[in-house]
**Student:** 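Submitted below is the structure of interest, expressed as structure tokens.
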Amino acid sequence: GDWSSDVCSSDLVTTYPNGSVYIEKLQAGRYTIKEIEAPQGYDIDRTPKEVSFYVNPGDTTNFKKVTVTNHKKTGELEVIKKGADGKFLQGAEFTVTRKSDGHVMGKITTGSDGKAVMNNLTKGTYKVVETKAPTGYLLSNDSEKEVTLFADSNDTTSKHSLTFVNNQVKATAKILKVDGDTGKPLTEGEFKITGPNGYQVTKSPNSLGFIELKQIEIGRASCRERVS
């Protein structure tokens, strides 16, 4: 990180790759050392370090060591799962992987609010893959996305959100009406069919005795013949 002192406010020093920095030929007195810029991906240590020492003439052994501890920045990843109709979906599973080394950070599953959260992610790029769709839905067409946390020293965003949209699984069903004694198809009658999410339709058998239902949602349905 970069450092300044209250004695020479115009002078800045930067740590070497080994994490240390040396300031030489200081006059005797009291010095305050303050970090003004942390290494990329770390939080600044905002506690000033005060050092007091005195140098005697000819003394070359006077040495003061100051240790500053930086903690890695951590962020939050939020995954939002919706249906094509905008409805929030529960039960979608996502695997989060760190791109730099392929380390699997874990799996998260959306709750009733359609959201799944992973905390304590450090600087880097992460791959988010939908590995399980909610019941009755297909995997997203774009089932793999990437997000980068703390892309540079100016990036202070601690929360990132990704949204995945799923289409419902649609099915085709056929109902056949037959004579109970002969087993032959019957073309008369009228049936009321109900299904998930308010699905409701009234149909009669075709010339082959079939009632055909197209593009209906997966789930429990009922069929009842209407009596005139």
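Remember, predicted model here, so these are calculated numbers, not experimental data. Along the sequence shown, residues are numbered consecutively beginning with 1.
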**Student:** State, to 0.1 Å, how close T74 and N120 come at their nearest heavy-atom pair, and which atoms those are.
**Tutor:** CB-CA, 3.8 Å
**Student:** Under a single-linkage definition using a 4.5 Å side-chain heavy-atom cutoff for Ile, Leu, Val, Met, Phe, Trp and Tyr, are F94 and L162 assigned to the same hydrophobic cluster?
**Tutor:** yes
**Student:** With a 4.0 Å cut-off, would you call K203 and E190 a salt bridge?
**Tutor:** no
**Student:** Just list the side-chain donor-acceptor pairs under 3.5 Å for residues 175-187, sequence neighbours left out, or say none.
**Tutor:**
| unit_1 | atom_1 | unit_2 | atom_2 | d |
| --- | --- | --- | --- | --- |
| K177 | NZ | E188 | O | 2.8 |
| K177 | NZ | E225 | OE2 | 2.7 |
| D179 | OD1 | D181 | N | 2.7 |
| D179 | OD1 | T182 | N | 3.1 |
| T182 | OG1 | K184 | N | 3.2 |

**Student:** With K82 as the cation and F164 as the aromatic partner, state whether NZ or CZ is under 6.0 Å from the six-membered ring centre and within 45° of the axis.
**Tutor:** no
**Student:** For V129 versus K127, what's the shortest heavy-atom pair and its separation?
**Tutor:** CG2-CG, 3.9 Å
**Student:** Can you hop from Y126 to M118 via hydrophobic side chains spaced under 4.5 Å?
**Tutor:** yes
**Student:** Taking only residues at least two apart or on different chains, which pairs with a member in residues 189-221 satisfy ring-ring contact (aromatic ring centres under 6.0 Å, His included)?
**Tutor:** none
**Student:** Would the distance check show the side chain of T109 and the main-chain N or O of G91 forming a donor-acceptor pair, the cut-off being under 3.5 Å?
**Tutor:** no
**Student:** Is it the case that the side chains of T125 and T148 hold a donor-acceptor pair, with the cut-off being a distance below 3.5 Å and no angle test?
**Tutor:** yes
**Student:** Would you say that N206 contacts I211 through its side chain, given a criterion of any heavy-atom pair below 4.5 Å between the two side chains?
**Tutor:** no
**Student:** Could you tell me whether a side-chain N or O of K145 sits under 3.5 Å from a main-chain N or O of T163, the two making a donor and an acceptor?
**Tutor:** yes
**Student:** Quick one: name the residues clustered hydrophobically with Y137, using the 4.5 Å side-chain heavy-atom rule over I, L, V, M, F, W, Y, and just say none if it's on its own.
**Tutor:** L89
**Student:** Do M105 and F150 share a hydrophobic cluster, counting only Ile, Leu, Val, Met, Phe, Trp and Tyr and linking them when any side-chain heavy atoms are less than 4.5 Å apart?
**Tutor:** yes
**Student:** Would S143 and E130 count as a side-chain hydrogen bond (donor to acceptor under 3.5 Å, both in side chains) here? Give the steps.
**Tutor:** CA-CA 5 Å; S143 60; E130 183 179 8; 5.8 Å; no
**Student:** Give me the atom names and distance for the closest heavy-atom approach of P205 to G189.
**Tutor:** CD-O, 3.4 Å
**Student:** Where do V165 and S140 come nearest, in terms of heavy atoms and distance?
**Tutor:** O-OG, 2.9 Å
**Student:** Among K115, E76, E78, which residue satisfies the side chain to side chain donor-acceptor pair (under 3.5 Å) criterion with S161?
**Tutor:** E78
**Student:** Is there a path of hydrophobic side-chain contacts, each under 4.5 Å between heavy atoms of I/L/V/M/F/W/Y residues, joining F88 to V128?
**Tutor:** no
